[in-house]
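Quick notes on the structure that follows.
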Amino acid sequence: MPRSGLEARRRLQQAALELYRERGFDQTTTAEIAARAGVNERTFFRHFPDKREVLFHGEADLRAALMQSVAEAPDGLQPLQILLCAFREAGRILEENRPFSEPRLEVIARTPALRERELAKAASLTEAVAEALRQRGVADRLAGLAAHTGWAAFHQAAGAWIDDPSQSLDTHLSRAFDDLRALCATSTS
């Protein structure tokens, strides 16, 4: 039996990830996750409201890291440059947790209910990033556009990192933002 709440949460997350990969998300129950983790089902629900949320637990930490990074980015940067700084910090969180992040993203990619949850979480995080930009004085319309565009670049980079782990997430992120700048510079005539 895990002795601490943090250890129980970690074991539940690992058990869920293993079971989702082995059997699929829809075929796995919270009771099975709890049993694999060596806890009872009540313990599962003390840590997570449902079996989807077990894969999205770090959202509050990610939100805080993004908000802080946007707030602390150097003065004089354009909105997308600010977001590149912020997403680099978020990228470090993913890289530190790669043994969990990589299979987690694979499970989400093949599970419609999890993709739906990921989209809802992404929308919430995107709005938080837009609000952080507004707090820095970026106009409302531009803050929203920058946040959505930056999040799309981050998502693209994370996918590339999963497909090509020989390069760091930061390298993929830099490339995605370079591609974004190239798209913006392309003539529309």
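- Phe56 carries Arg104 over the face of its six-membered ring, with the cationic atom under 6.0 Å from the centre and within 45° of the normal.
- In the model, Ser166 has a side-chain atom that pairs as donor or acceptor with a side-chain atom of Asp164 under 3.5 Å.
- A donor-acceptor pair under 3.5 Å is absent between the side-chain atoms of Asn97 and the main chain of Phe100, judged by distance alone.
- Defined by atom type and a distance below 3.5 Å, a donor-acceptor pair is present between the side-chain atoms of Arg63 and Ser124.
- With rounding to the nearest 0.5 Å, the separation of CG in Leu119 from CZ in Arg117 is 11.5 Å.
- Within 6.0 Å of atom CD in Glu95, more than 12 heavy atoms from other residues, nucleotides or ligands are found, so the atom counts as buried in its surroundings.
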Audit row: Glu53, His47, side chain to side chain contact (heavy atoms under 4.5 Å, CB included) steps and yes/no:
CA-CA 9 Å; Glu53 204 59 30; His47 292 281; over 6 Å; no
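- One N or O on the side chain of Lys51 and one on the backbone of Phe25 form a donor-acceptor pair closer than 3.5 Å.
- Counting only N and O atoms by type, the side chains of Gln14 and Arg36 include no donor and acceptor under 3.5 Å apart.
- Inspection of the Arg88 and Ser69 side chains reveals no N or O donor paired with an N or O acceptor under 3.5 Å.
- Checked by atom type and distance alone, the side chain of Arg21 never pairs as donor or acceptor with a backbone atom of Val107 at under 3.5 Å.
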Run the side chain to side chain contact (heavy atoms under 4.5 Å, CB included) test on Arg92 and Glu89 for me, step by step, so that the C-alpha distance in whole Å, both residues' side-chain angles and the decisive distance to 0.1 Å come before the verdict.
CA-CA 5 Å; Arg92 280 190 275 283; Glu89 180 60 33; 3.1 Å; yes
